[in-house]
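Input: a single structure, listed below in C-alpha cells.
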Amino acid sequence: MPPCVTVIIPTFRERENIPLVLGRLDAVLGDFDWEVVFVDDDSDDGSAAVLLGLCRELPHVRAIRRIGRRGLAAACIEGMASSSAALFAVMDADLQHDETVLPKMIEAFRREPGLDLAVGTRYSGCGGMGNWSKGRQLVSRVATQMEKLLLRTPLSDPMSGFFVLRRELFEETVHSMTGKGFKILLDIVLSSRRELRTEEFPYEFRTRCHGESKLDVVVGLEYLYLLVDKTLGRLVPVRFALYVLAGLSGLLLHLLLMGVLFRAGGLPFVNAQIAATLVAMISNFLINNAVTFRAQRLKGFTFALGLTAYMAICALGAIVNVQSADYLYDKGIPWWFASATGAMIGAVWNYAVSTQIVWTWLPSMLSSRSKIK
Ligand code: GDD
Ligand code: MN
C-alpha cells in the first residue's frame, strides 16, 4: 500500500538538520500513514552518509541523490515524481517551517475533498517573518505584490516553500512547470490553467540554526525568469527576447564606436564600420554567452571556437538580412519596412542558427567528459 502522504524535503548542505527535522516530523505525524523523501543535490558535507544510515534503519525514510544538478524546485519535482502517495507535502530541512501546522494541513484534505492546495503562510493571521532583516522582508513583500498581480489563484504568500498538494494537481501541471529556482509553489500555481481551491495556514517563520541559506542573486534572477516566462513567455520566448536585447545593446555600442572612430577620430567610413561591427559582434557574443545562454555557457577552447562560429553565422545573417530587405524593396515595399523586416529576418536567422550550432551542437561535440545534467 502506498503511504497517504509523502513529505518532500529538498536538501543542500543540511547534514545537521536532517536528523532534527526527521525527529520533528516523527513527533507530529505519528498518526498518519506517511513517508519522507529527502532530495539531496550531492551535498559535499557528508549528508549522503547521514541519509544512507537513516534509510537503512527506517522504512518510512527515503533519499534521492541527484548528481551534477542543483535546484530547489527541480529537486521537489523529482521527489514528487518518485512517490505514489495521494498527497505531497513540501518543507525545508532547516527547521524554519513550523511542522506542527503540517497535520492540520493534511487533515484539511480529508475534510474537503475538492481541496487542491494547503499553503503555510507568513502573511496572514498570526503568521510572521521570524528574524528576517528589514531589507529581506521588504524584498519579499515587493516580490509577493508582483505575483499577486499575475496570479489567478489568490494566495497571501505565493513564495512559501511550505505547502501540501494533491497528486492530481502535480500531474496537471508538471509538464508546464519551469522547474527553475526556488519558487516551486508559484511555478505550480502559474502553470495551472484553472483557479485552484486553496486553504491557508498561518505560521511563524523560524530562525535557521545550522547551515546557511542558499538564496542568492542567481536565485533572484531565476525568480524573475519564472515570472517573465509565465507571462510574456507565452508570446515571445524569453531567450529570444534576451537575444534581441543583447543585439540592441550591440547596436548602441556600434553607433558609439562610429562616433569615436569616424566622426571624432577621422578614420575612413568603411574602416570605422568594419571595426565597429567586429567589436559589436564580440560584445553580443559575450553578453549572450553570459546571460542568454548562461545554462550552456562556453569556456576555454570551446569559447574561442564558439566566438569564431558566431561571427561567421552573423556575417551570413547580414547577407540574409540585406538580401531579404533588397528583395522586399524591389517589390515596392516602403524602404523603412523593407529594411526593418530584413533586420528582423537577420536577427531570427542569427538566433536560430547560433542557438543550434554555437550553444547546442558545439558544446555537446566537444564535451568528452561527463554528460550528466
Ligand atoms: N536539493 C536541493 N538543491 N535543495 C536545495 C537547494 C538546491 O539547489 N537550494 C536550497 N535547497 C534546500 C535547502 O537545503 C533547504 O532545505 C531548503 O531548500 C530551503 O533553502 P534555504 O536556502 O534555507 O532557503 P531560504 O530559507 O532562503 O528560503 C525559504 O524561504 C523562501 C521564502 O521567501 C524557502 O522556504 C523558500 O522555498 C521560500 O520561497
Ligand atoms: Mn531557510
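Read the numbers this way: they start at 1 and go in the same order the structure lists the ligands and their atoms.
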For residues Thr121 and Glu200, is any side-chain donor paired with an opposing acceptor at under 3.5 Å?
no

Measuring centre to centre across the rings, with the benzene-like ring taken for any Trp, is Phe285 within less than 6.0 Å of Trp359?
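Ring-ring flag for Phe285/Trp359: true, centres closer than 6.0 Å.
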
So, are [X] and [Y] salt-bridged, with charged N and O less than 4.0 Å apart?
X	Y	result
Glu112	Arg197	yes
Asp40	Arg66	no
Asp41	Arg65	no
Arg206	Asp98	yes

Just to the nearest 10 degrees, tell me the angle at the Mn ion (ligand 2) spanned by Asp94 OD2 and Gln96 OE1.
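Between OD2 of Asp94 and OE1 of Gln96, the angle at the Mn ion (ligand 2) is about 90°.
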
Please list, by chain and number, the protein residues whose heavy atoms come under 4.0 Å of ligand 1.
Pro10, Thr11, Phe12, Glu14, Val39, Asp41, Arg70, Gly71, Leu72, Ala75, Asp92, Ala93, Asp94, Gln96, His97, Arg122, Trp132, Arg136, Met159, Gly161, Phe182, Lys183, Phe205, Arg208, Ser213, Lys214, Leu215

